[in-house]
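Below is one structure, written out as C-alpha cells; comments come after it.
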Amino acid sequence: MASHHCFHVRSLLSVLFSVFNLCFASRILVTQDQQNQLLRYHKGALLQGTISVNLIWYGNFKPGQRAIISDFIVSLSDSAATRSNPSVATWWKGIDKYYRLANSKNPSSLSLRLGKQILDDKYSLGKSLSEKQIVQLASKGEQKNAINVVLTASDVTVAGFCVNRCGTHGSKNSIVKGKNQKFAYIWVGNSETQCPGYCAWPFHQPIYGPQNPPLGSPNNDVGMDGVVTVLSGLLAGTATNPFGNGFYQGPATAPLEAAAACPGVYGKGAYPGYAGDLLLDPTTGGSYNAHGGSGRKYLLPAIFDPSTSQCSTLV
C-alpha cells in the first residue's frame, strides 16, 4: 500500500504564511513554543548510500525539457559539474544536517545519481490520472534503492493537481527477490497550461495575493522551471521523511517537512509575494539562486536548518 504526502506549492501568496490546507501544510513555524518549532525526528529509516533517481516521463516532453530536469538531478551530488557558487550541490548539502541529527555518533550519508529514464509518450493510462495510477507509473522504476520520479506533461490532469497540490512524494511496498522492500516515489506535474500562477510562481503572475511582476525563468521555460522548484522541495522531503516516520512537524498525514517549512522563500529578504533577493542572469534575464551542470541555472527553495530553526537560503 502506498503512502504519500502532498506538496502544495507556495504560490497562493495571500495565505502563504498562515495555516493552509492539509496537503501542503504550508505554515510558518510559530515562536510561542520552541519545542514545536523543530522538525522532530520520529526514528524512522532515512534513505542512505547511493540512490538512483529514475525519471518516468508521462506524456509529451521535448528533449530540451527533459534535459532541464536530468541536468538538475546530476547537479545535486556532482560538485564537479560546476565550479560556480552557489551551486545545486551546495544546496543539497543542507540535507546532511538531518542525517547528523538522526545519528550523531555514526551519521549516514545520501548520494543521488541519475538512473533510468522511461518515456511513456503514448499516454498509456490516458490523460486523466488518479493517485493510484501515479503509483502504478512510479512502479515502472527500480524497486530498491531508488526514488522514482513521475513527471506528467502539461496536457495531463491528475487528481488534485492545481486544486490543492502541485506534486506528491510517498513510498510503496514491493517484493524484491522474495524480500519486502520499499521504494520512494515523487510526482510533479507541468503546470504551464493548467495553473502556472499556482504551481510555477514566481515565474508567472500569481492567482492570488500580491501581484508583483513575475520573474524571468532561468531556463526559459516557465512550466519546467516551476517543476524544478516543486521537485527540489519534494526531494528534500523524500530524503528527510521518505517513509512517513522521519523528520516532520504536525500529523503524519499532513507533515511539514524540510522545504515545506519555508514556503515562498528563495533568497534573503523574502516575504509574501516576494521570493527574496536573487541572482539575475544578464543574458537571459532569468532569476536564480543556484548554478548547475551544463551551464544551467536553477531556483531552489530554502531548506529549514534544524540547527538554527531558521530557513537557510543560498543567497
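Quick note: numbers below take in every heavy atom, side chains included, and nothing from hydrogens, waters or symmetry partners.
- Two rings, from Trp201 and Tyr208, have their centers 6.0 Å or more apart.
- Taking each heavy atom of Ala252 and Pro255 in turn, the nearest pair found is O-CD, 3.3 Å.
- Remark: Asp305 pairs with Lys97, Ser307 by the side chain to side chain donor-acceptor pair (under 3.5 Å) rule, at least two apart or across chains.
- Between Val228 and Val230 there is no side-chain heavy-atom pair separated by less than 4.5 Å.
- Cysteines Cys199 and Cys162 have SG atoms no closer than 2.5 angstrom.
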Using the side-chain contact (heavy atoms from CB on, under 4.5 Å) rule, take Val156 and Tyr58 through it: C-alpha gap first, then chi angles, then the decisive distance, then the call.
-> CA-CA 8 Å; Val156 176; Tyr58 188 81; 4.0 Å; yes

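- When each of Val149, Asn148, Ile118 is checked for a side chain to side chain contact (heavy atoms under 4.5 Å, CB included) with Leu55, only Val149 meets the rule.
- Smallest separation of non-hydrogen atoms from Pro86 and Asn289: CG-O, 3.1 Å.
- Ser232 is not listed as a side-chain neighbour of Tyr298, based on a closest heavy-atom distance of 4.5 Å or more.
- Judged as a side chain to side chain donor-acceptor pair (under 3.5 Å), and not counting sequence neighbours, the contacts of Asn219 are Asp225, Arg296.
- Residues that satisfy the side chain to side chain donor-acceptor pair (under 3.5 Å) test with Ser52, not counting sequence neighbours, are Arg113.
- Cluster membership check: Ile51 shares its hydrophobic cluster with Leu234, using side-chain heavy-atom separations under 4.5 Å among Ile, Leu, Val, Met, Phe, Trp and Tyr.
- Atom NZ of Lys93 and atom CD1 of Ile303 lie 14.0 Å apart (nearest 0.5 Å).
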Could you walk me through whether Thr168 and Ile186 pass the side-chain contact (heavy atoms from CB on, under 4.5 Å) test, one step at a time?
-> CA-CA 6 Å; Thr168 298; Ile186 291 172; over 6 Å; no

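- Listed for the Ser87 side chain is no donor-acceptor partner under 3.5 Å among the backbone atoms of Ser84.
- Across all their heavy atoms, Lys182 and Ser171 have their closest contact at CD-OG, 4.4 Å.
- Using modelled atom types, one finds a donor on one side chain and an acceptor on the other under 3.5 Å when comparing His169 with Glu257.
- Between Met224 and Val227, the closest side-chain pair of non-hydrogen atoms falls below 4.5 Å.
- Remark: the backbone N or O of Ala302 is not paired with any side-chain donor or acceptor of Thr313 at under 3.5 angstrom.
- The minimum heavy-atom distance between Thr284 and Pro218, with the atom names listed, is OG1-O, 4.5 Å.
- Linking Ile, Leu, Val, Met, Phe, Trp and Tyr whenever their side-chain heavy atoms come within less than 4.5 Å puts Trp92 and Leu39 in one cluster.
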Scan the side chains in residues 104-111 for donor-acceptor partners under 3.5 Å anywhere in the protein, sequence neighbours excluded, and list what turns up.
none

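- Under a 3.5 Å cut-off, the side chain of Trp91 and the backbone N or O of Pro301 do form a donor-acceptor pair.
- Listed by first and then second residue, the disulfide bond (SG atoms under 2.5 Å apart) pairs involving residues 275-315 are Cys262-Cys311 (not counting sequence neighbours).
- Scanning all heavy atoms of the two residues, the minimum distance from Thr240 to Ala258 falls at OG1-CB, 3.9 Å.
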Using residues 41-48 as the side-chain source, report each donor-acceptor pair under 3.5 Å to any protein atom, sequence neighbours left out, with the distance given to one decimal.
{"residue": "Tyr41", "atom": "OH", "partner": "Gly44", "partner atom": "O", "Å": "2.6"}
{"residue": "His42", "atom": "ND1", "partner": "Arg40", "partner atom": "O", "Å": "3.0"}
{"residue": "His42", "atom": "ND1", "partner": "Gly246", "partner atom": "O", "Å": "3.1"}

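- By the side-chain contact (heavy atoms from CB on, under 4.5 Å) test, Leu215 pairs with Pro202, Phe203, Ala275, Leu278, Ser287, sequence neighbours left out.
- Taking the centre of each ring, Tyr98 and Phe247 come in below the 6.0 Å mark.
- Residue pairs that meet the side-chain hydrogen bond (donor to acceptor under 3.5 Å, both in side chains) test with at least one member in residues 60-70, sequence neighbours left out, are Gln65-Asp221.
- For residues 115-126, every residue pair satisfying the side-chain hydrogen bond (donor to acceptor under 3.5 Å, both in side chains) rule, not counting sequence neighbours, is listed here: Trp57-Gln117, Asp120-Ser124, Asp120-Lys140, Tyr123-Asp155.
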Go through Thr152 and Val150 one step at a time and tell me if the side-chain contact (heavy atoms from CB on, under 4.5 Å) criterion holds.
-> CA-CA 6 Å; Thr152 50; Val150 178; 4.3 Å; yes

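- A donor-acceptor contact shorter than 3.5 Å is absent between the side chain of Ser75 and the backbone of Val88.
- A donor-acceptor contact shorter than 3.5 Å is absent between the side chain of Gln194 and the backbone of Glu192.
- Atom CG of Leu129 and atom CH2 of Trp187 lie 9.0 Å apart (nearest 0.5 Å).
- Across all their heavy atoms, Asn212 and Tyr274 have their closest contact at ND2-N, 4.3 Å.
- With rounding to the nearest 0.5 Å, the separation of NE2 in His291 from OG1 in Thr90 is 10.5 Å.
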Apply the test side-chain contact (heavy atoms from CB on, under 4.5 Å) to residues Ile147 and Leu235: give CA-CA distance (whole Å), side-chain angles for both, the deciding distance (0.1 Å), then the verdict.
-> CA-CA 9 Å; Ile147 301 174; Leu235 280 169; 4.1 Å; yes

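- Qualifying side chain to side chain donor-acceptor pair (under 3.5 Å) partners for Ser128, counting only residues two or more places apart in sequence or in other chains: Thr157.
- Atoms CD and NZ, from Gln136 and Lys172 in turn, are 10.0 Å apart once rounded to the nearest 0.5 Å.
- There is no path of hydrophobic side-chain contacts, each under 4.5 Å, that joins Leu300 to Leu280.
- Put simply, Phe304 and Tyr248 are part of two different groups of oily side chains (I, L, V, M, F, W, Y) that touch within less than 4.5 Å, one to the next.
- Within the structure, the salt bridge (Lys or Arg N to Asp or Glu O under 4.0 Å) test picks out the following pairs touching residues 261-284 (sequence neighbours left out): Asp281-Lys297.
- Pairs of residues two or more places apart, or lying in two chains, never qualify as disulfide bond (SG atoms under 2.5 Å apart) while including a residue from residues 103-151.
- Atom CG in Leu125 sits 5.0 Å away from atom CD in Gln133 (nearest 0.5 Å).
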